[in-house]
Amino acid sequence: FSSYGKVINVLSRERENGTALMLLREMDGKGCKPCVVTYNIIIDSLCTGGLVTEARDIFLEMIGNGVSPDVITYNSLIHGTFKVGNWKEATRLLNEMKEKKIKLDLYNINVLVDALCKGMMVAEEAMVLFKVIEDCGSSLDVWNYNILIHGMCSIGKVETAKEIFHHLSAKKLRPNRRTYKIMVNGLCNQGLLNEANDLLQEMEEGNCSPDGFTYNIIIQGLLRNNSSLKAKQLIHAMIERGFSAD
RNA sequence: GUUUCCUAC
């Protein structure tokens with residue numbers, strides 16, 4: 001609660017972790033009890049700063065103080081732990097979560113799947129996880145798919161990524177600009193420039209106009225493929241449109 | 001009140 005909570009929130013946003021931590025100590029000293037949210041904010045900002053060990057200390061400290069971690073605490077910590085590449089510890093935390101029967105919602109699953117895709121290259125497993133979720137009747141949103149598609153692309157499974165992408169429209173979910181970018185990027189990396197071009201058309205026709213990056217990705221791909229003529233054409237098309245930023 | 005997605009050269 002409290003004004004301390006608010007100040008800590010602000011400090012964390014400004015990446016002033018040191019100061020935020022000092023405030024936390026001060027709270028302790030004065031007998032003010034930080035609540036879960038306060039801890040969560042600090043843990044998360046430590047994690048995004050790569051200070052996972054410190055985040056873990058706070059995590060243990062909060063338990064010591066009788067404050068039980070919730071889904072968000074675990075998410076932040078797990079996500080941070082994965083990012084640092086410590087998947088062993090992250091999986092341990094995941095299991096710990098299961099044992100405590102902390103229930104995940106879609107948002108939380110995203111965090112985990114993202115961590116899985118990036119940290120462990122087990123996008124296939126993430127996919128399985130999604131299927132299970134779907135079978136349970138929860139519907140996935142575009143973000144989930146973006147994460148998955150990106151995961152597939154980054155391990156070179158563009159075919160699977162394409163399947164998922166099509167699966168998207170079958171579900172009447174509109175891909176957003178990021179979805180397209182991820183796909184275009186993935187296709188280009190595999191040298192599938194024609195398909196990337198098709199997608200670009202689709203973007204222009206739909207309501208997701210491509211931005212400068214999207215063009216550049218394709219142009220880059222064309223050049224790598226010795227299609228400098230097409231690249232030039234595309235550059236012109238790009239200039240005519242006066243491409244917009246994200 | 002706090003946690004998740006893309007960004008080439």
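The chains referred to below are lettered A, B, ... by the order of the sequence lines, with proteins before strands, and numbering in each begins at 1. We use all heavy atoms of the structure for the numbers below, so side chains are in, but hydrogens, waters and symmetry mates are not. Since this is a predicted model, take the numbers as computed values, not measurements.
Nucleic acid contact for A:Asn189: none, since no nucleic acid atom lies under 4.0 Å from a heavy atom of the residue. Among the atoms of the strands shown, only primed sugar atoms or phosphate atoms (P, OP1, OP2) are found under 4.0 Å from some heavy atom of A:Asp44.
In this structure, A:Leu94 atom CG and B:U3 atom P are separated by 19 Å, rounded to whole Å. A straight line from CD1 of A:Ile235 to C1' of B:C9 spans 12 Å, rounded to a whole angstrom. Rounded to an integer number of Å, the gap from A:Ile58 CD1 to B:U2 P is 20 Å. In this structure, A:Arg178 atom CZ and B:C6 atom C1' are separated by 6 Å, rounded to whole Å. Rounded to an integer number of Å, the gap from CG of A:Leu173 to P of B:C5 is 19 Å. Regarding A:Tyr180, its OH atom lies at a distance of 19 Å from the P atom of B:C6, rounded to whole Å. What separates CG of A:Asp211 from P of B:A8 is a distance of 12 Å, to the nearest Å. Note: CG (A:Asn75) to C1' (B:U2) measures 11 Å, nearest angstrom.
Listed for the A:Arg177 side chain is a donor-acceptor partner under 3.5 Å among the backbone atoms of A:Ser209. Checked by atom type and distance alone, the side chain of A:Asn216 pairs as donor or acceptor with a backbone atom of A:Gly212 at under 3.5 Å. Looking at A:Asp44, its side chain never comes within 3.5 Å of a backbone N or O of A:Ile41 through a donor-acceptor pair.
Applying the 6.0 Å contact sphere to NZ of A:Lys232 captures no more than 12 heavy atoms from other residues, nucleotides or ligands.
The side chain of A:Lys181 has B:U7 as its nearest neighbour among B:U7, B:A8, B:G1. Among B:U4, B:A8, B:U2, the nucleotide with an atom closest to any side-chain atom of A:Ile147 is B:U4. The listed nucleotides are B:G1, B:U2, B:A8; the one nearest the side chain of A:Cys35 is B:G1. For A:Trp143, whose side chain is taken as the heavy atoms from C-beta onward, the closest listed nucleotide among B:U3, B:C5, B:C6 is B:C5. Of the candidates B:U7, B:G1, B:U4, the closest approach to any side-chain atom of A:Val111 belongs to B:U4. Candidate nucleotides B:A8, B:C6, B:U4 were compared by shortest atom distance to the side chain of A:Gln220, and B:A8 ranks first.
The side-chain heavy atoms of A:Pro210 and A:Tyr215, taken from C-beta on, include a pair separated by under 4.5 Å.
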